[in-house]
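Data first, discussion second: the structure below is written as structure tokens.
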Amino acid sequence: MLLRMSTLFLRTLREDPADAEVPSHKLLVRAGYIRRVAPGIYSWLPLGKMVLDNIAQIVREEMNRMGAQEVLFPALLPREYYEATGRWTEYGDTLFRLKDRKGADYLLGPTHEELFTDLVQREYSSYKDYPVILYQIQTKYRDEARPRAGILRGREFVMKDSYSFDLDDDGLKRSYELHREAYIRIFDRLGLEYRICSAMSGAMGGSASEEFLAPAENGEDTFVSCRECGYAANAEAVVTPAPPEVTAEHPPMQVLDTPDTPTIESLVQVVNEKYGLGITAADTLKNVVVKVRTPGSDEVETLVIGVPGDREVDFKRLEAALSPAVPEIFEAEDFAKHPGLVRGYIGPQILKDLGIRYLVDPRVVTGSSWVTGANEPGKHAAHVVAGRDFVPDGTIEAAEVRSGDPCPRCGGALSLDRGIEIGHIFQLGRKYSDAAGLDALGPDGKPIRITMGSYGIGVSRLVAVLAEQGHDELGLVWPREVAPADVHIVGTGKDNQIEVAVRLAEELEAKGIRVLVDDRQGVSPGVKFKDAELLGMPTILIVGRGLASGVVELRDRASGERQEVPLDEAVDRVVAVCRS
RNA sequence: CGGGGCGUGGCGCAGUUUGGUAGCGCACCUGCUUUGGGAGCAGGGGGUCGUGGGUUCAAAUCCCGCCGCCCCGACCA
């Protein structure tokens, strides 16, 4: 492959686009890899398309290697498929919907579980057909509430999604493991830094779902990891270790007069000044009211969550803990309907009588003593003991996770980082096969309900993640396997430099090296160097002033290392570098 | 949806407070010079100033409505 800058469809920009915030977005636009068409919708220009294709190819090779078979479903789908599983309505505003000329409902596929399930059901009917793993690399459409960061979170994006179909749980585990290993190979080949994070709380059982997160400051996900034992988990899935129960005797509950203490901070100050209790925010019990709506039901439950006062309720964690039910903010009008709940002074002592369910943070163990609301304006209560003065209805993982919190596996200190989700593997079970009635006929003539796994990789997102992890102040730095070309040859323009650069390019191409050559006339060397650095090919070969003395310069884009090479050795040296 | 900001040649911006010939840098075109760090000189092309209405002799600028976009919080690969 030989690309010539003189004819390549490319325009680099000297300035950052105004709408870009994160480095990958700025650089991909500046380097002419992508262009915006609409919010969250981008065009791929020649160089960008090559990177995208190269990534897709790696994914494809590794999926095929583990025995998955590629198919391709349409992106444009009729409503019926999503009607059966209820997702036509459940998906809400995120679904791109449209009508054909007859007025029939269609959608642009946000994900394809229904289609895969349906296809397997139509074609396969015997236990002898299973197991099977199918995948596609498809453009997906989601009308995201807020697309952002260029290609990182678009409304149109390319995703590899695969589905495994097995006869039993052991088979599902095997398919899951196959994917896990394939994903590791894919991300390793891409040279990515990533963590495999448990995406499900341990309470729900083990490795049923894991996320591959690429650490990045601009990431949208928060994950914890433990340096001691290697534990890593999405913040939503972190389990809080419970301290031991307390058996010591506590003084009886005491009501305190605490006017004007709407916040934990003010409460701690007043209690310590007035009553000399010497408490910290962690000794207080904060009670947060939420409404909980269960999908498919009109009922709304009022629920109180108790967390140590020094911690906020993390709404994402709360949501994950309550799923599939959805928590909502308890508004002023809701308080009006519940006169027993005194805003700012809620204590768990009366919740039983009010018939309100009360879930607490795991740190609120039996025998622990707290300062909490006394259910009267301006009053709090001290020595409120769990198990004695109130009995919670259970625990819930809703409190925020903080750096330094104990690791649930080994007790070490957890650190907190941001990451970008690049892959997700998930033991789905029988949700979709139940909906579709997907059975195989067993050897005994009885039907076997198929169990499924679903697995995704954000292919177009990976372009952004690679740019996010692979750049410096000069521009992009691609790993060789995804770069549009192995080597970027710069002919600086004086005398016969361009001519020699093109000759070297042709010789290298003949040896199977992917070459981009800057053969532009009348462009100053500075511009060519800047462009080479911005575009990010892993190797740069400069045919410039050294040519007069028979040498060219070989540079490594990532390390910046430079060396002079005799002209007649240049081809062999480049080939060696590209194949190493 | 809630909060903040912004819409002016392809891109990045000034001009709006105080109405009066639409401007700068980059990019693009022509010519000459230049060629190892985003070249110089000269000439040139290109803009419904987001949109609709209003005020005015006169609106990018003032008033009202609408639309769009970007950024921060709840979803997801």
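A, B, ... follow the sequence lines: proteins, then strands. Residue 1 opens every chain.
- A side-chain donor-acceptor contact under 3.5 Å links A:Ser209 and A:His424.
- If you check every strand for non-hydrogen atoms under 4.0 Å, A:Glu553 touches a base.
- Both tests hold for A:Arg555 against A:Phe529: distance to the six-membered ring centre under 6.0 Å, angle to the ring axis within 45°.
- Within the nucleic acid shown, A:Asp495 has no heavy atom closer than 4.0 Å to any nucleic acid atom.
- For A:Arg461, the side-chain atoms get nearest to B:C76 when compared with the rest of B:G38, B:G12, B:C76.
- Using a 4.0 Å cut-off on heavy atoms, the residues of residues 18-41 of chain A that approach RNA chain B are A:Ala18, A:Asp19, A:Glu21, A:Arg30, A:Arg36, A:Pro39, listed by number.
- For the residue pair A:Lys160 and A:Ser162, a side-chain donor N or O sits within less than 3.5 Å of a side-chain acceptor on the partner.
- Among the atoms of the strands shown, none is found under 4.0 Å from any heavy atom of A:Gln521.
- A donor-acceptor contact closer than 3.5 angstrom is absent between the side chains of A:Asp143 and A:Tyr141.
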Please enumerate all protein N or O atoms sitting under 3.5 Å from an N or O of nucleotides 46-49 of chain B, with distances to 0.1 Å.
none

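- Considering only the side chain of A:Thr492, B:G36 comes nearest among B:G37, B:G36, B:G38.
- Of the candidates B:C76, B:G36, B:G38, B:G36 carries the atom nearest the A:Arg562 side chain, counting heavy atoms from C-beta on.
- Residue whose closest nucleotide on RNA chain B sits further toward the 5' end, between A:Leu152 and A:Val543: A:Val543.
- Across B:C67 and B:U51, the matching P atoms stand 15 Å from one another, rounded to whole Å.
- Within residues 64-76 of chain A, no residue has any heavy atom under 4.0 Å from RNA chain B.
- Defined by atom type and a distance below 3.5 Å, a donor-acceptor pair is present between the side-chain atoms of A:Tyr176 and A:Glu210.
- B:G36 has no base stacking with the ring of A:Phe529 when judged by centroids under 5.5 angstrom apart and an interplanar angle below 30°.
- Two residues, A:Ser524 and A:Leu547, neighbour RNA chain B, and the one matched to the more 5' nucleotide by heavy-atom proximity is A:Leu547.
- Nucleotides B:U56 and B:C13, compared at atom P, are 36 Å apart to the nearest Å.
- Between A:Tyr183 and A:Asp188, the side chains place no donor N or O within less than 3.5 Å of an acceptor N or O (distance only, hydrogens not considered).
- Using atom P as the reference point in both B:U8 and B:G15, the two lie 14 Å apart (nearest Å).
- A donor atom on one side chain and an acceptor atom on the other are found under 3.5 Å apart for A:Thr111 and A:Glu113.
- Side-chain atoms of A:Arg555 come within donor-acceptor range of the base of B:G37, with a qualifying N/O pair under 3.5 Å.
- Side chains of A:His179 and A:Ser164: no donor on one and acceptor on the other come within 3.5 Å.
- When the nucleotides B:G38, B:G12, B:C76 are ranked by their closest atom to the side chain of A:Thr12, B:G38 comes out on top.
- As judged by a 4.0 angstrom heavy-atom cut-off over every strand, A:Glu220 is placed among the base-contacting residues.
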